[in-house]
Amino acid sequence: MVLLKVIPTNKDEVITTAKSLLTIILNYFPRYTLKSIDTLPINVDERLPWLPTILLSFQHVLAMFGATVGYPTNTALLFSGVGTIIFYICTGGKVPSYLGSSFAFVGVVNAATGYVPGSGPNPNIPLASGGIVICGFIYLGISLIVLIAGHAWLEFLTPPVVTGSVIISIGLHLANNAVNQANTSGFDAWMALVTVFVVVLCTCYGPGPLKRLPILVGGVTGYLVYLFFGLGGVGPGIDFTIVKDSKWIGAPATATPKFDGTYVSLIAPAAIILAAENIGHLKAVATMSNRNMDKLLGRTFLGDSIATIIAGACGSIGTTTYAENIGVMSITKIFSTVSFLVAAVIAIILGFLPIFGAVVQTIPQGVFGGLSIILFGITAMTGCKLFIEANVDFSKPRNLLTAGISIVLGVGMINVVVEWGTLKIDGIGVATFSAIFLYQLLNENWGTIFRKALTKITGRNFMKTHKGQYDEQQNDLTDSQIRNDSAVIDMNKFDNNNNNSISNNDNEVTKGFNDNAVVVLDK
């Protein structure tokens, strides 16, 4: 009977309910304002005309191609698109990010399966997928905790000096991958230089719309230069055999997960690394777009975790928000989430075109390396920009040590992990946790914090008086009588000979002692 009252019973009620639901859905997502491509920056809730949007979106897809090691390109493309749409829905289109294959999984999957990069498809993908699915569920649990607990703790744990250090560590840690790609051969190194040169010129001096597409222009130019040199007998050239043998249309390869304790124990702990990376990426995006996105952290975790579960369940590698795409946004100053939604649709379509996946596999490592050098460098500089805008004071040892130690660990831990049982944490994870831990450990106000805690617990006043003594007399203290580093002074004990006077009027108090003192009048 109760259900019958809730469910609409006539046509008018059905239409009214449908309109209400549609309004709720529309209000959940941004209502985008159309802007010209010459108007920068393009904010999260704004968009460009459709043609520039499609080109910019393809640029975002191109930026994530480098991390599909050991997995079929089309499979990674398909589930990066699916994951990005899930992320868009979970965040209400308020966080500009693209989800791609996570480097956090590449290392642990290779270690767990014994896969050697460059040796073709990984034969143990089903076993790795089982570990990725469990990792996704652990990550989902973390997201639910954050959603319930709220986001206030994030500001406490990640002030600007911590966030900036993590962002710098992400960019410089991944820089090693970029340099290795560029250094595949001497010829690749020169092509990386050509790619970097084209991107830089396009970014600074490009005409009109091309100035917003430097990664796409640089990638295509580097590819064509590599191709033409190869046709002229200079350099190894590009082998199109794989393209010739590929179909135009076809479903991407999938695999059914197999759950093995050994693989799960090695891969599942990567959830902690994913969460740490996501915090850094969210802070980087918020810094660039000048928006406070802390309250969206739980929803970003939720979208990322669900995307990882679905990807793993279908035999693809787990996903994460991408530093490469953060670099693209930093260059173009375009933060519209429509671009990422369109990029997701493009990735899904391309996922069903095996011939495109084959073309992607022909892109020279030198070209990828050149693009990555720029993107990871820009990501690192975003952290430096955060230091400057937040006026981080490095004359304070707390800030100096937090940043210095965490950045060195993040940059220096190349092919090095911290192992604790089956848990393995790479350089980015170590940099994140060390920055958070050091900043809290080096808090200058621990004495005050302990005294306040003792006062709260025991009911005695352990705060300093104006004479530098501790009052341990039993008092019924209120929160208003205990504030930060201020002293609490009982006026009944106050020395009349001191340079302070209290008039007969309760509202008039002349203070000759420290301004930080809190005067408590005993009525």
Side-chain angles (χ1 to χ4, degrees), residues 24-25 28-30 60-61 64 67-68 71 75-106 108-109 125-126 128-151 154 252 254-257 259 264 267-282 285 293-323 325-326 337 340-348 351:
I24 293 172
I25 294 173
Y28 178 70
F29 296 104
H60 279 296
V61 176
M64 58 73 60
T68 58
Y71 282 79
T75 304
L77 270 172
L78 172 62
F79 289 101
S80 73
V82 171
T84 300
I85 291 176
I86 293 172
F87 185 88
Y88 180 89
I89 293 172
C90 289
T91 60
K94 297 177 178 65
V95 180
S97 288
Y98 187 90
L99 267 61
S101 307
S102 173
F103 273 111
F105 284 111
V106 172
V108 293
V109 167
I125 284 179
S129 297
I132 291 172
V133 170
I134 299 300
C135 176
F137 276 108
I138 294 173
Y139 195 7
L140 178 62
I142 295 173
S143 71
L144 294 177
I145 292 173
V146 174
L147 285 170
I148 294 171
H151 68 279
L154 184 60
T254 58
T256 302
F259 298 94
V264 169
I267 298 173
I272 298 174
I273 302 173
L274 293 177
E277 286 183 342
N278 208 323
I279 291 174
H281 291 168
L282 181 67
V285 171
M293 298 182 177
D294 289 352
K295 63 182 180 180
L296 298 171
L297 179 65
R299 286 156 68 176
T300 64
F301 280 5
L302 181 65
D304 198 1
S305 61
I306 294 174
T308 295
I309 292 170
I310 293 176
C314 297
S316 184
I317 195 167
T319 60
T320 188
T321 50
Y322 246 40
N325 300 93
I326 293 173
T337 50
F340 294 95
L341 189 60
V342 174
V345 174
I346 292 174
I348 291 173

Any side-chain heavy-atom pair of Val95 and Phe340 under 4.5 Å: no
Provide the closest heavy-atom pair for Ile306 versus Cys90 in the form atom of the first, atom of the second, distance. CD1-SG, 4.3 Å
All heavy atoms of Leu77 vs all of Gly351, minimum pair found to be CB-CA, 4.3 Å
Set out, in order, the CA-CA distance, both residues' side-chain angles and the distance that settles side chain to side chain contact (heavy atoms under 4.5 Å, CB included) for Ile279 and Phe301, then state yes or no. CA-CA 9 Å; Ile279 291 174; Phe301 280 5; 3.8 Å; yes
Main-chain N/O of Lys94 paired with Tyr88 side-chain donor or acceptor, under 3.5 Å: no
For Phe259, what residues pass the ring pair (Phe, Tyr, Trp, His ring centres under 6.0 Å) criterion, not counting sequence neighbours? none
Are the side chain of His60 and the backbone N or O of Ala343 linked by a donor-acceptor pair below 3.5 Å? no
Before giving the answer on side-chain hydrogen bond (donor to acceptor under 3.5 Å, both in side chains), spell out for Tyr98 and Ser80 the whole-Å C-alpha distance, their side-chain angles and the decisive distance to 0.1 Å. CA-CA 8 Å; Tyr98 187 90; Ser80 73; 2.9 Å; yes
Is a donor on one side and an acceptor on the other found under 3.5 Å between the side chain of Asn325 and the backbone of Ser97? no
Any side-chain heavy-atom pair from Phe79 and Cys314 closer than 4.5 angstrom? yes
Heavy-atom closest pair, residues Ala268 and Cys135: O-SG, 3.4 Å
Please confirm whether the backbone N or O of Pro257 pairs with a side-chain atom of Ser129, one donor and one acceptor, at under 3.5 Å? no
Side-chain heavy atoms of Leu78 within contact of Thr75, under 4.5 Å: no
Holding to side chain to side chain donor-acceptor pair (under 3.5 Å), I want the full list of residues that pass it with Tyr139, two or more places apart in sequence or in another chain. Asn278, Asp304
